[in-house]
Undergrad: 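Next up is a structure, given as structure tokens.
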There are 2 protein chains.
Amino acid sequence: MEPAYRRIAAAYRDKISSGELAPGERLPTEHEIGEQFGVVRQTVRTGLGVLVTEGLIVARRPHGYFVREWERLIYRPQEKSRPMPARATMDRFSQQISDEGRVPSMSIDIALVQATPDLAERLRVEPGATVVIRRRVRFINGEPVNINDSHFPLDLVKDSEIVSPSYIPRGTDQVLADLGHKQERAVDEIFVRMPTPDEIRRLGLGPGTPVAVHYDTGYTADDRPVACTVNVLPGDRHRIVFERRWRENEPLS
Amino acid sequence: MEPAYRRIAAAYRDKISSGELAPGERLPTEHEIGEQFGVVRQTVRTGLGVLVTEGLIVARRPHGYFVREWERLIYRPQEKSRPMPARATMDRFSQQISDEGRVPSMSIDIALVQATPDLAERLRVEPGATVVIRRRVRFINGEPVNINDSHFPLDLVKDSEIVSPSYIPRGTDQVLADLGHKQERAVDEIFVRMPTPDEIRRLGLGPGTPVAVHYDTGYTADDRPVACTVNVLPGDRHRIVFERRWRENEPLS
DNA sequence: TCAAGTACATTGTCTAGACGATCTGAAGGA
DNA sequence: TCCTTCAGATCGTCTAGACAATGTACTTGA
């Protein structure tokens, strides 16, 4: 026989997936569920805890448990490799959001840090070498939606406006291009994992919310990596989209 | 003061991220940790439970808790839009795996199902319309690594080999092309979420493992969707990679 | 020697109950 | 009327202990 806590989890998972419990709707209290299934409160908690870590429900003390709602922003990595409009006053993300009638905002801070192994490999610097990190958190209507940490080798950007913690309307790619490091090619890598406590704090994530981590490494024409941006996208707030066309004539690698 | 269970979680999270506890290494028993922190076993369990749902450790009864190891396969959606080699005897995935000296295998089953709303929208059929689903689970060395469920509108493929539950070396894209539905363009969408119990079962997932869900919708030259493949990629086993080049002359949409 | 059985360590499930933390809404007072 | 206070509901944390389930390793018997 299946353990009681799993029967409870399965029962409410079904109610949610069948639509009997709609997003935003409230579940019975732990006490009530306990009576119904004939178990003590702790067992109910274990069962509902499963659904919390699955991201299906959230607990709001002292109101109860509620079915979670997911609203996703479209995220297009390919947009990054289009030229910016000449007279842009904000970046693509902010433009899109304000076109939708919502209020974009951003926090920026700059630091010099030692490259972690994953960054050192992508930027082709020594592990522990100093890199400039430009940390941004994007908000919509005051709610954090994603993290964008751009990393640059220190010697490339040390005298440019990239190291000043202010907004750069034309974008850091353009600044790099003006410095003679025009990007021609980029490699995108996407990892899926659970967030770190730091990411949970910065993004205000609830339990059961995985993240996609998008590494965007930009290369110049002579194949030198000049920037690596780490985007942390909460799973409940994003949908990553890109397009492909068939390439008939290309040789197989 | 922070609750005891979170102090325990933080302590072992630090030991793992600092490398003091290496992947595969064993943690002390619940009993030992309880003595060290001066709490009962249940509290230790709550703390270690946090790390389990974060995907950092796994419990193996009756051996104890172990630091989890992540080994990721490279997944390239863009490879899908390259022509297959003429004399291919296996698909791209199997070829790659066997080139690496590992043993690929696959289970296939075919069914007629009613389109769920998300599929109906992508294939532009009525919700509830019948579609052919070609369900595959891929294995490496006998371990499941991902799910690929390809969906086709029934009237397009009803007399073809797509509805037979056998291996098609040239690939279903080629079968569709031979039927006069050659794909020219595809839209990729990636979602991140926790797996369903069904996915956990089919993929043998441990707790704390999120999945990336990759929808690959293929369109013909006259912009009709003819296939939608849903790939479920466990986060601990994949790394999604694609490449971009800058497009100078394209108009902004 | 080899197979079957058994003791043991460890995690898994569950009970019963206590007190804390947080928000709502009602009662009471200015 | 409006603000303050406070009781109550609900989830959060923790204790103490019981028995089950599951591999491992040792013991026992043929």
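Lettering follows sequence order; numbering is per chain, from 1. Quantities reported herein were computed from a predicted structural model and do not represent experimental measurements.
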Undergrad: When we call it a touch if two heavy atoms are under 4.0 Å apart, what does B/Gly38 touch: a base, just sugar-phosphate, or nothing?
TA: sugar-phosphate
Undergrad: Between B/Asp118 and B/Thr116, is there a side-chain donor-acceptor contact under 3.5 Å, judged purely by atom types and distance?
TA: yes
Undergrad: Any side-chain donor paired with an acceptor under 3.5 Å for B/Arg202 and B/Ser107?
TA: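 The criterion, which ignores hydrogens and geometry beyond distance, is not satisfied for B/Ser107 and B/Arg202.
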Undergrad: Which whole-number value in Å describes the distance from A/Arg6 CZ to C/dC14 C1'?
TA: 14 Å
Undergrad: Rounded to the nearest angstrom, tell me the gap between atom CG in B/Leu51 and atom C1' in C/dT11.
TA: 16 Å
Undergrad: Of the nucleotides C/dT10, C/dG12, C/dA16, which has the atom closest to the B/Pro62 side chain?
TA: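 Looking only at side-chain atoms, B/Pro62 lies closest to C/dT10.
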Undergrad: Look at the side chain of B/Ala4 and decide which nucleotide, out of C/dC14, D/dC14, D/dC11, has an atom nearest to it.
TA: D/dC14
Undergrad: If you assign each of A/Arg41 and B/Arg45 to its closest nucleotide in DNA chain C, which residue comes earlier from the 5' end?
TA: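 It is B/Arg45 whose nearest nucleotide is closer to the 5' end.
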Undergrad: Do A/Arg72 and B/Phe191 form a cation-pi contact, if we require the NZ or CZ to be under 6.0 Å from the six-membered ring centre and within 45 degrees of the ring's axis?
TA: no
Undergrad: Do A/Arg135 and A/Asp149 meet the salt-bridge criterion of a basic N to acidic O distance under 4.0 Å?
TA: no
Undergrad: OP1 or OP2 of C/dC14 sitting under 4.0 Å from any side-chain N/O of A/Thr46?
TA: no
Undergrad: Less than 6.0 angstrom from the centroid, inside 45 degrees of the normal: does B/Arg60 satisfy that with respect to the ring of B/Tyr65?
TA: no
Undergrad: Find the distance B/Tyr65:OH to D/dG23:P and express it as a whole number of Å.
TA: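 These atoms are roughly 15 Å apart.
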Undergrad: Side chain of A/Tyr5 only, heavy atoms from C-beta on: which candidate in C/dT24, C/dT13, D/dT24 is closest?
TA: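 Looking only at heavy atoms from C-beta outward on A/Tyr5, the closest nucleotide is C/dT13.
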Undergrad: Please report, rounded to the nearest Å, how far the P atom of D/dC14 is from the CG atom of B/Leu48.
TA: 13 Å
Undergrad: Which parts of residues 22-31 of chain B get close to DNA chain D, meaning a heavy atom less than 4.0 angstrom away?
TA: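 Of all residues in residues 22-31 of chain B, none places a heavy atom under 4.0 Å from DNA chain D.
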Undergrad: Please tell me whether B/Arg237 and B/Asn146 have a donor and an acceptor in their side chains that are separated by less than 3.5 angstrom.
TA: no
Undergrad: Figure out the CZ/P separation between B/Arg7 and D/dT13, and round it to whole Å.
TA: 12 Å
Undergrad: Rounded to whole Å, please give me the gap between CZ in A/Arg61 and P in D/dC11.
TA: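 In whole Å, D/dC11 P lies 11 Å from A/Arg61 CZ.
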Undergrad: In whole Å, I'd like the distance from the CD atom of A/Glu35 to the P atom of D/dT10.
TA: 12 Å
Undergrad: State, without any angle test, whether A/Gln95 and A/Asp91 hold a side-chain donor-acceptor pair at a distance under 3.5 Å.
TA: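 A/Asp91 and A/Gln95 do not have a side-chain donor-acceptor pair below 3.5 Å.
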Undergrad: 5'-most contact on DNA chain D: A/Arg60 or A/Gln42, nearest heavy atom basis?
TA: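 Nearest-nucleotide comparison on DNA chain D picks A/Arg60.
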Undergrad: Whole angstrom is fine here: how far is it from CE in A/Met1 over to C1' in D/dA21?
TA: 16 Å
